[in-house]
Amino acid sequence: MIDLATLRLDPGAVKRSQAARGESEALVDDVLAADIARRSAVGEFEALRTKQKALGSQVAKAQGGEKQALLTESKSLSDQVKAAEGALREMDAALDSLVLGLSNLVDAEAPVGTEDDFVVLKEVGSKRDFPAEGITVRDHVELGELLGAIDIERGAKVSGSRFYYLTGQGAMLEFALIQLAMTLAQKNGFIPMIPPALVKPAAMEGTGFLGQAAENVYRLEADDLYLVGTSEVPLAAYHMDEILDGDFPLRYVAYSPCFRREAGSHGKDTRGIFRVHWFDKVEMFSFCPVDEAQAEHQRLLSFEEEFLQAIEIPYRVIDVATGDLGSSAARKFDCEAWIPSQERYREVTSTSNCTTFQSRRLKIRKRTTDGVEPIATLNGTLCAVTRIIVAILENHQEADGSVRIPKALQPYLGGASHFKLK
RNA sequence: GGAGACGUCGCAUAGUCCGGUCGAGUGCGCCUCACUGCUAAUGAGGUAAGGAGUCAAAUCCUUCGGAGGUUCAAAUCCUCUCGUCUCCGCCA
């Protein structure tokens, strides 16, 4: 949620942000109008309520005929108060729904433009020259079959398209990745968490996933619960309605399943496990003071890079353009791993600085010497298991279809150096 | 799933039966000041959030788990709901 005080002061800035995202500028004027209407309704209601309260205490003390007269007066006032309160509630609701439609203010540093206008910040690691090694590149589906690591056919049989089984070495690889990710995160000061993957509407709404992303969210009608698409949701909502004390940044790392309907991506990445309806993920989340948020964002990015480097995957980092940011994000960096079978970089991690957008919605603040203030929230992927499996299998494949295990993962896989053919 | 108890300002609690004097008392914690060489102890004062308003104040409004209702008036009465605890049932 945008800060209304800021919006009143500088509506132009909000309009520019909306424009940069390719979203409605007119909405800003609508919000301003609704805000003025609401404030006048507040005044009316409060004036009447003050009167009613004063009269009420007179009623309590009065006797006999005087009391009857006061009661009559009070009765008619009561109707006016109810009407004024009703009007105020409508104004409140109208303003709320308008404000919730506004996306976060984009960071001034973020590249302006649409999806393709991202800026490549750097490329790290070296891509293998497979032809030079005499290797015909196999994609992860083929490798997964040869290794007995991924069973996509049966995933489809049991659950439908975009579902899979990890089997044997594939299943163990997931555990190894999680262990490595959680270990690195803990070393970096994150508190490990296993959060619930089903959440109430307030948590989903508060993290901004019921806006433009709503069509990608699974909802359990019978119980009014949502399946989370990322543990960002339960982690952000963990401190919902709380005023935080103590040391910042407050960092959590969670392992959870993630569920996505992939409604808008029919026909995209239909092969393999690159884009699936369910996968497991290790996600970082940080609560931090506003003036430290940008530095913390860089740190989250560096933790993502640390992980990719540990598993020896060539990648690049992109600064995502304003038009491709989620509604909560002010700025976003993606790490894209090199995928040999596609001969291009593909997103494997993403880190967003949501500034105070989520914390305002979720009513999370931090205590200061004189009062409270909103806090910034940031999130970042540490390991999206399926995509990392794709990257590992393809980048570390050998001529016979076996796959080299990067050193950092070996301790979690019984010290083995390779995934062997089944 | 069944039976019962409970949910109040950081924590613990009073107030609810019998509606107005309750935005709400007390203890602890915390902050400021006084006193003491320091600490402790003691004394005095202060100590929720959100909103309207203002240069800033004053002041006013909202909130007693949540949502509705009754009433001139609700922490207090009614309904529903969520959560916690105890006991029973079922179960990984």
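Here is how names work: the chains are called A, B, and so on, in the same order as the sequence lines, proteins then strands, and each is numbered from 1.
Listed by residue number, A:R38, A:R39, A:V42, A:F45, A:E46, A:R49, A:T50 are the residues of residues 30-50 of chain A with a heavy-atom contact under 4.0 Å to RNA chain B. Residues of residues 82-101 of chain A that place a heavy atom closer than 4.0 Å to RNA chain B, in numerical order, are A:K82, A:R89.
Shown here, B:C85 forms a base pair with B:G4; the pair counts as Watson-Crick or G-U wobble because both key distances fall under 3.5 Å. Using N1 to N3 plus N6-O4 or O6-N4 for Watson-Crick, or N1-O2 and O6-N3 for G-U wobble, each under 3.5 Å, B:A44 pairs with B:U32. Pair assignment for B:G50: B:C61, on the basis of Watson-Crick or G-U wobble contacts that are both within less than 3.5 Å.
Listed by first then second residue, pairs satisfying ring-ring contact (aromatic ring centres under 6.0 Å, His included) with a partner in residues 401-422 of chain A number zero, not counting sequence neighbours. Applying the side-chain hydrogen bond (donor to acceptor under 3.5 Å, both in side chains) test to pairs two or more places apart or on separate chains, those with a residue in residues 375-394 of chain A are A:H140-A:E394, A:E232-A:N379, A:S341-A:E394, A:Q358-A:T377.
Considering only residues two or more places apart in sequence or on other chains, A:R361 meets the salt bridge (charged side-chain N to carboxylate O under 4.0 Å, His left out) condition with A:E205. Scored by the salt bridge (charged side-chain N to carboxylate O under 4.0 Å, His left out) test, A:R331 finds A:D319 as partners (sequence neighbours excluded). In terms of the salt bridge (charged side-chain N to carboxylate O under 4.0 Å, His left out) criterion, A:E46 has no residue partners (sequence neighbours excluded). Considering only residues two or more places apart in sequence or on other chains, A:D10 meets the salt bridge (charged side-chain N to carboxylate O under 4.0 Å, His left out) condition with none of them. Not a single side chain to side chain donor-acceptor pair (under 3.5 Å) links A:D291 to another residue, sequence neighbours left out.
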So which protein nitrogen or oxygen atoms get under 3.5 Å of nucleotides 6-9 of chain B's nitrogens or oxygens?
none

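Within the 4.0 angstrom heavy-atom criterion, no nucleotide atom of any strand lies near A:K363. Backbone-only contact: A:Q52 has heavy atoms under 4.0 Å from sugar-phosphate atoms and none from a base.
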Please table the atom pairs, donor to acceptor, closer than 3.5 Å between any side-chain atom in residues 173-187 of chain A and protein atoms at least two apart or in another chain.
residue: A:E174; atom: OE2; partner: A:Y255; partner atom: OH; Å: 3.1
residue: A:T183; atom: OG1; partner: A:Q179; partner atom: O; Å: 2.6
residue: A:K187; atom: NZ; partner: A:E306; partner atom: OE2; Å: 2.4

Pairs of donor and acceptor atoms involving the side chains of residues 69-95 of chain A, under 3.5 Å and at least two apart or interchain, shall be tabulated with distances.
residue: A:T72; atom: OG1; partner: A:Q68; partner atom: O; Å: 2.9
residue: A:S76; atom: OG; partner: A:E73; partner atom: O; Å: 3.1
residue: A:D92; atom: OD1; partner: A:R38; partner atom: NH1; Å: 3.2

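Distances shorter than 4.0 Å separate some side-chain N or O of A:R365 from OP1 or OP2 on B:G50.
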